[in-house]
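Right, one structure below, let's go through it.
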Amino acid sequence: MKTVLLTGFEPFDGENVNPSWEAVRRLDGQEIAGARIAARQLPCVFGAALEELRRHLDALSPVLAIAVGQAGGRPDITVERVAINVDDARIADNAGQQPIDQAIAADGPAAYFSTLPIKAIVAGLRENGIPASVSQTAGTFVCNHVMYGLLHRAGPRAGFIHIPYLPEQAARHPGQPSMRLEDCVEALRLAVEIALTQREDAKIAGGATH
């Protein structure tokens, strides 16, 4: 059976949970559109996250890989369009690293576009009552680091999705939006199904820009 790799992150920046891992791990072992989900956790650490990701890609040879991360402050599911070749951390990662204006891949292009059908995923989520949008930036922290590294490695259809805080996290951040875990899980299930059955939005989706 074909395999789909879903990754989520460990908690970071003082949080007790990371919604990306809480959502991803609930899909582990499930079958979606003829493929089995393999959920794996990544460290929120520059460098180490990519090493772990590559190990899972080598072991599983997935037909689809979607990395998922937390985006506190965003109100909906955001499907990322592009990853840029820079690490520029506002806060330290879980190993105390705080790179500033560093290239992720010295020999890599300035950016990579997601090879997911991002517009179809957003439309499918909205049709199922889940707030969603296309995001034009994955930031410059470990999420962008992983998205860029995933796409730099050529192979399966791949991309990145950000999800909001869970309600229990937002309760500690007054005024911040949140989304129920059940809705996050359903959003990822739908995203996988759509990505396995839809074509890319356009040829540029699989390319790079210099």
Side-chain angles (χ1 to χ4, degrees), residues 4-30 32 37-46 48-49 52-53 66-81 83 87-99 114 116 118 121-147 150 159-195:
V4 171
L5 173 63
L6 293 182
T7 68
F9 286 102
E10 65 185 357
F12 69 99
D13 196 24
E15 296 292 334
N16 296 321
V17 297
N18 190 314
S20 67
W21 175 240
E22 296 306 312
V24 162
R25 69 187 184 95
R26 282 164 173 74
L27 291 170
D28 188 44
Q30 291 192 23
I32 301 174
I37 304 299
R40 299 291 186 268
Q41 187 181 75
L42 301 180
C44 189
V45 177
F46 289 102
E52 191 78 359
L53 174 65
I66 302 178
V68 184
Q70 167 190 299
R74 293 190 186 182
D76 57 0
I77 302 292
T78 46
V79 185
E80 298 297 342
R81 185 190 295 274
D87 291 333
D88 191 43
R90 177 183 59 84
I91 60 173
D93 68 11
N94 283 356
Q97 302 176 102
Q98 194 170 1
S114 172
L116 300 178
I118 59 175
I121 290 173
V122 168
L125 268 56
R126 290 176 175 174
E127 288 171 4
N128 283 273
I130 300 174
S133 62
V134 171
S135 167
Q136 312 300 342
T137 175
T140 53
F141 196 51
V142 185
C143 288
N144 175 78
H145 181 80
V146 164
M147 182 180 177
L150 175 59
F160 198 99
I161 295 175
H162 268 117
I163 62 179
Y165 280 142
L166 298 177
E168 56 264 38
Q169 291 177 285
R172 298 192 298 273
H173 300 281
Q176 294 297 319
S178 66
M179 184 174 289
R180 296 188 316 151
L181 179 58
E182 294 81 1
D183 291 334
C184 294
V185 173
E186 178 62 9
L188 295 180
R189 188 194 67 77
L190 287 167
V192 169
E193 182 178 4
I194 293 165

Q) Would you call the rings of Phe141 and Phe46 parallel, tilted or perpendicular, where under 30° means parallel and over 60° means perpendicular? A) perpendicular
Q | Contact check, side chains of Glu193 and Arg189, non-hydrogen atoms, under 4.5 Å | A | yes
Q. Do Arg25 and Leu6 come close enough that some side-chain heavy atom pair is under 4.5 Å?
A. no
Q. Between Ala83 and Asn144, which heavy-atom pair has the shortest distance, and what is it?
A. CA-OD1, 3.3 Å
Q) Is there a side-chain contact between Leu150 and Phe160 (heavy atoms, below 4.5 Å)? A) no
(Q) Listing request: all side-chain hydrogen bond (donor to acceptor under 3.5 Å, both in side chains) pairs with a residue in residues 124-134, at least two apart in sequence or in separate chains. (A) Asp76-Ser133
Q. So do the side chains of Glu15 and Tyr165 get within less than 4.5 Å of each other, counting heavy atoms only?
A. yes
Q) What closest approach, in Å, do Ser114 and Gly159 show between heavy atoms, and which atom pair accounts for it? A) OG-CA, 3.7 Å
Q | Heavy-atom pair of closest approach, residues Ile161 and Ala191 | A | CD1-CB, 3.7 Å
Q. Side chain of Glu52, backbone of Ala49: donor and acceptor closer than 3.5 Å?
A. no
Q: Please check if the side chain of Thr140 supplies one atom and the backbone of Asp88 the other of a donor-acceptor pair under 3.5 Å.
A: yes
Q | Non-hydrogen side-chain atoms of Gln169 and Pro19 separated by less than 4.5 Å | A | yes
Q: Evaluate the criterion side chain to side chain contact (heavy atoms under 4.5 Å, CB included) for residue pair Leu5 and Arg40; output intermediate values, then yes/no.
A: CA-CA 7 Å; Leu5 173 63; Arg40 299 291 186 268; 3.8 Å; yes
Q. Any side-chain heavy atom of Ser178 within less than 4.5 Å of one from Pro164?
A. no
Q) Under the criterion side-chain contact (heavy atoms from CB on, under 4.5 Å), which of Ile118, Thr78, Ile121 is the partner of Val134? A) Ile118
(Q) Do Ser135 and Arg74 have side chains that approach each other closer than 4.5 Å (heavy atoms only, starting at C-beta)? (A) yes
Q) Does any N or O in the side chain of Glu80 come within less than 3.5 Å of the main-chain N or O of Ala138, such that one atom is a donor and the other an acceptor? A) yes
Q.
What verdict does the side chain to side chain contact (heavy atoms under 4.5 Å, CB included) test give for Ile77 and Met179, after you've listed the backbone C-alpha separation in whole Å, the side-chain angles of each residue and the deciding distance to 0.1 Å?
A. CA-CA 9 Å; Ile77 302 292; Met179 184 174 289; 3.7 Å; yes
Q.
Before you tell me yes or no, could you show the steps for Arg172 and Asn16 under side chain to side chain contact (heavy atoms under 4.5 Å, CB included), namely the whole-Å CA-CA distance, both residues' side-chain angles and the distance that decides it to 0.1 Å?
A. CA-CA 11 Å; Arg172 298 192 298 273; Asn16 296 321; 4.2 Å; yes
**Q.** Which atom of Ile37 lies closest to which atom of Asp28, heavy atoms considered
**A.** O-OD1, 3.5 Å
Q) For the residue pair Gln176 and Gly72, what are the closest heavy atoms and their distance? A) OE1-C, 4.4 Å
Q. Got a sec, which pairs hit salt bridge (Lys or Arg N to Asp or Glu O under 4.0 Å) with one end in residues 136-147, sequence neighbours left out?
A. none
Q) Taking 4.0 angstrom as the limit, do Asp183 and Arg180 come out as a salt bridge? A) yes
Q: Could you tell me whether the side chain of Gln30 and the main chain of Arg26 form a donor-acceptor pair under 3.5 Å?
A: yes
**Q.** Thr7 vs Val68 side-chain heavy atoms within contact, under 4.5 Å
**A.** no
Q: Mind listing the closest non-hydrogen atom pair of Gln70 and Ser20 along with its distance?
A: N-CB, 4.1 Å
**Q.** side-chain contact (heavy atoms from CB on, under 4.5 Å) involving Glu10 - partner list, sequence neighbours excluded
**A.** Gln41, Pro43, Cys44, Val45, Asn94
(Q) For a side chain to side chain contact (heavy atoms under 4.5 Å, CB included) check, start with the C-alpha distance between Val4 and Ile32, then their side-chain angles and the critical distance, and finish with the verdict. (A) CA-CA 9 Å; Val4 171; Ile32 301 174; over 6 Å; no
